[in-house]
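Every chain is numbered from 1, with letters handed out A, B, ... down the list of sequences.
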2 protein chains.
Amino acid sequence: MTVRLADAGDHIVLKPCIHDYQVNCGNCRLNSICLPLALESDDIEQLDNIIQRSKPLQKSQHLYREGDEFKSVFAVRSGAMKAYKTTDDGREQVTGFYFPGEILGMDGISNNLHASSAKALETAAVCEIPFTSLEKLSAMMPTLQRHFFQLMSREITADQQLITLLSKNSADERVASLMLSISTRNSKRKLSATQFRLPMSRVDIGNYLGLTVETVSRVFSRMQKLEILRVDNKEIKILDVQGLQKMANVGD
Amino acid sequence: MTVRLADAGDHIVLKPCIHDYQVNCGNCRLNSICLPLALESDDIEQLDNIIQRSKPLQKSQHLYREGDEFKSVFAVRSGAMKAYKTTDDGREQVTGFYFPGEILGMDGISNNLHASSAKALETAAVCEIPFTSLEKLSAMMPTLQRHFFQLMSREITADQQLITLLSKNSADERVASLMLSISTRNSKRKLSATQFRLPMSRVDIGNYLGLTVETVSRVFSRMQKLEILRVDNKEIKILDVQGLQKMANVGD
DNA sequence: GAACTACCTTGACTCAAATCAAGGCTGCAT
DNA sequence: ATGCAGCCTTGATTTGAGTCAAGGTAGTTC
């Protein structure tokens, strides 16, 4: 059975081969997420000039690796990315999933080395923002400087959310929270909040949430039995948002 | 039995009532940790001018609370602080411990509201750095701007370390890692790396590491039995650094 | 210095998630 | 179409940390 991916027509199509190289920040339909600046059009043009748009990454291709020299941060334009660290004993800790309009790579600033690796979960296009140019432009444009401080701060609060989730919540609550997070982020980019395709594997979800694959799989089965979700491999349909919120144990 | 607190004379005395209000950034002995800038003395003076030094906080007094308006970031001058969030069901998640020279409050930038609360673990003095002034100064001083980006990035990598610890490591490994982290940070400020007094309670340690008090206590007992640490309430003496590293399971 | 409180430790028991094991799907390559 | 490899699911069993319970210790107040 086939499921429609998006309910909002052709806003952002998560299929390969539709990557518009001519897009610029001024007309990018993600700029309300990516750069919610009250930028003067002149400012946008300056920003646009420093941004490099390269050819799309294929699934499982790396954007950068832990230890690489840090030169740029990246905005996801289409597709999805994961950031992860490899622990001393070789296991993988996923530190974040990044969807269109979201920025990654900021952990590399502190040491001029990327502190994590970034890999495409599916065919993905990114905008590269060279950091030295961004710094110079920030010094000249107070709103941009402010905005970038805010982006970094948001990464910190997101990490703290995850810390709390890992430290205090059960397997059910963790998976439910992730589903709600993806749902919310989808609706921000005008995609369906209730129906979507997960770009990551169960292993990735487990590595993000501090759970094993088996546990993630069991939670999905449980949610399906409770008629909170319909799960068909990577296709997710949220049947009962309130039930999901209750399962996530989030205060509302 | 009494234990000397510091091995380096009167560098930083963790006892109350020795707080020098006349300190400025130029002569502060923490500036190699707090602001490792190759700042011109003129630059230091400008920075110094925006920094406010208020009277010390008493133990368990709040510096700010979750939801307060964000106005400033803070540098710890003496004592120790903890940052924490309260979960929807009233439990506490400690997101970080902050020692002299370390900066806290950066999670408030994203929403202009503090995303966590900060409380003194013992009598503590802080330097308040008003954020709007810092922004203005950053736009004028590239090294300061760069430095502040790096500080925020460091907070991100620290959070990612904690995420990995919570997600992948056993109780033994978590407690051992925290002891090593405190040891390292102590030696950076010329204090003993092997002997120190924990400013936080077992409950705080548990809330930071995602463990219960009982588990933290049992780990300390185990470490003592293995002659890795000597634990006398809050006094810690590391007897076997290599054993501790092995227990933390950190690659070297 | 007695009493109180907050903090810490230890033991016995329980339970949620990990581990171990096996089998089923899916989609790609031949 | 067939075979293969990676991914996902389900069941049985184990285990590390949580929970419950009780008692000890240190520091503070009166």
Side-chain angles (χ1 to χ4, degrees), chain A residues 1-3 15-16 58-60 82 87 89 91-94 119 121-123 165-176 197-225 229-236 247 249, chain B residues 1-3 15-16 58-60 82 87 89 91-94 119 121-123 165-176 197-225 229-236 247 249:
Chain A
M1 141 257 306
T2 328
V3 176
K15 284 178 188 155
Q58 293 306 307
K59 180 176 170 165
S60 88
K82 74 168 173 181
T87 60
D89 50 343
R91 287 175 301 171
E92 183 176 309
Q93 175 61 44
V94 174
K119 198 183 210 180
L121 291 168
E122 56 193 1
T123 308
L165 197 68
L166 292 173
S167 170
K168 295 277 184 297
N169 294 98
S170 68
D172 283 0
E173 291 165 341
R174 294 184 208 184
V175 178
R197 183 184 170 78
L198 297 174
M200 72 293 279
S201 69
R202 302 286 192 267
V203 176
D204 287 334
I205 294 176
N207 279 338
Y208 179 66
L209 296 175
L211 301 169
T212 58
V213 215
E214 293 95 326
T215 300
V216 173
S217 181
R218 279 186 249 269
V219 173
F220 276 131
S221 302
R222 219 172 295 156
M223 285 171 156
Q224 181 140 279
K225 196 167 291 169
L229 295 186
R230 197 157 47 66
V231 185
D232 176 21
N233 199 10
K234 300 202 166 171
E235 294 297 337
I236 298 289
M247 193 167 192
N249 203 14
Chain B
M1 141 258 303
T2 328
V3 177
K15 284 176 187 155
Q58 293 305 308
K59 181 177 169 163
S60 90
K82 72 168 173 182
T87 60
D89 51 343
R91 287 175 300 171
E92 183 177 308
Q93 176 62 45
V94 174
K119 198 182 210 181
L121 291 167
E122 58 194 0
T123 309
L165 198 66
L166 292 173
S167 170
K168 294 276 184 298
N169 294 97
S170 68
D172 282 1
E173 291 165 341
R174 295 183 207 184
V175 177
R197 184 184 168 79
L198 297 174
M200 72 293 279
S201 69
R202 302 286 192 269
V203 176
D204 288 332
I205 294 176
N207 280 337
Y208 179 66
L209 296 175
L211 302 169
T212 57
V213 214
E214 293 94 326
T215 300
V216 174
S217 181
R218 279 186 252 268
V219 174
F220 276 131
S221 301
R222 220 171 294 155
M223 287 171 155
Q224 181 139 282
K225 197 168 289 168
L229 294 185
R230 195 156 49 64
V231 184
D232 177 20
N233 199 10
K234 301 201 165 170
E235 295 296 336
I236 300 289
M247 192 167 192
N249 204 15

* To do: Please examine the side chains of A:Met223 and A:Asp172, heavy atoms only from C-beta on, and report whether any two atoms are closer than 4.5 Å.
  =>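 Counting from C-beta outward, A:Asp172 and A:Met223 never come under 4.5 Å.
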With sequence neighbours excluded, what pairs up with [X] under the side chain to side chain contact (heavy atoms under 4.5 Å, CB included) test?
X        : value
B:Val213 : B:Arg202, B:Val203
B:Lys234 : B:Arg197, B:Leu198, B:Ser201
B:Arg218 : B:Glu214, B:Arg222

* Looking at residues at least two apart in the chain, or sitting in another chain, which of them share a salt bridge (Lys or Arg N to Asp or Glu O under 4.0 Å) with A:Glu173? ->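 None.
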* Which of residues 207-218 of chain A have a heavy atom under 4.0 Å from DNA chain C? ->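 By residue number: A:Gly210, A:Leu211, A:Thr212, A:Glu214, A:Thr215, A:Arg218.
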* **Outermost DNA chain C nucleotides near chain B [under 4.0 Å, heavy atoms]** =>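 Nucleotide range with atoms under 4.0 Å of chain B: C:dC8 to C:dA12.
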* To do: Please list, chain by chain and in numerical order, all residues satisfying side-chain hydrogen bond (donor to acceptor under 3.5 Å, both in side chains) with B:Thr215, sequence neighbours excluded.
  =>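 Partners of B:Thr215 under the side-chain hydrogen bond (donor to acceptor under 3.5 Å, both in side chains) test: B:Thr212.
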* All side-chain hydrogen bond (donor to acceptor under 3.5 Å, both in side chains) counterparts of A:Lys119, not counting sequence neighbours ->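 Per chain and number, A:Lys119 pairs via side-chain hydrogen bond (donor to acceptor under 3.5 Å, both in side chains) with no residue.
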Output the distance between atom [atom1] ([X]) and atom [atom2] ([Y]), rounded to the nearest 0.5 Å.
X        : Y        : atom1 : atom2 : value
A:Lys82  : A:Ile205 : NZ    : CD1   : 11.0 Å
B:Arg91  : B:Asn207 : CZ    : CG    : 9.5 Å
A:Thr123 : A:Gln58  : OG1   : CD    : 4.5 Å
A:Asn249 : B:Thr87  : CG    : OG1   : 8.5 Å

* Give a yes or no on whether the backbone of A:Pro199 and the side-chain of A:Glu122 come within a donor-acceptor separation of less than 3.5 Å. =>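 No: the side chain of A:Glu122 does not pair with the backbone of A:Pro199.
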* **Positional range of nucleotides in DNA chain D within the contact set of chain B, heavy-atom, under 4.0 Å** =>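 In short, chain B contacts DNA chain D from D:dA17 to D:dC20.
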* Just report the end-to-end axis angle for the helix from C:dG1-D:dC30 to C:dT30-D:dA1, five pairs per end, to 10 degrees. =>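 Rounded to the nearest 10 degrees, the bend comes out at 40°.
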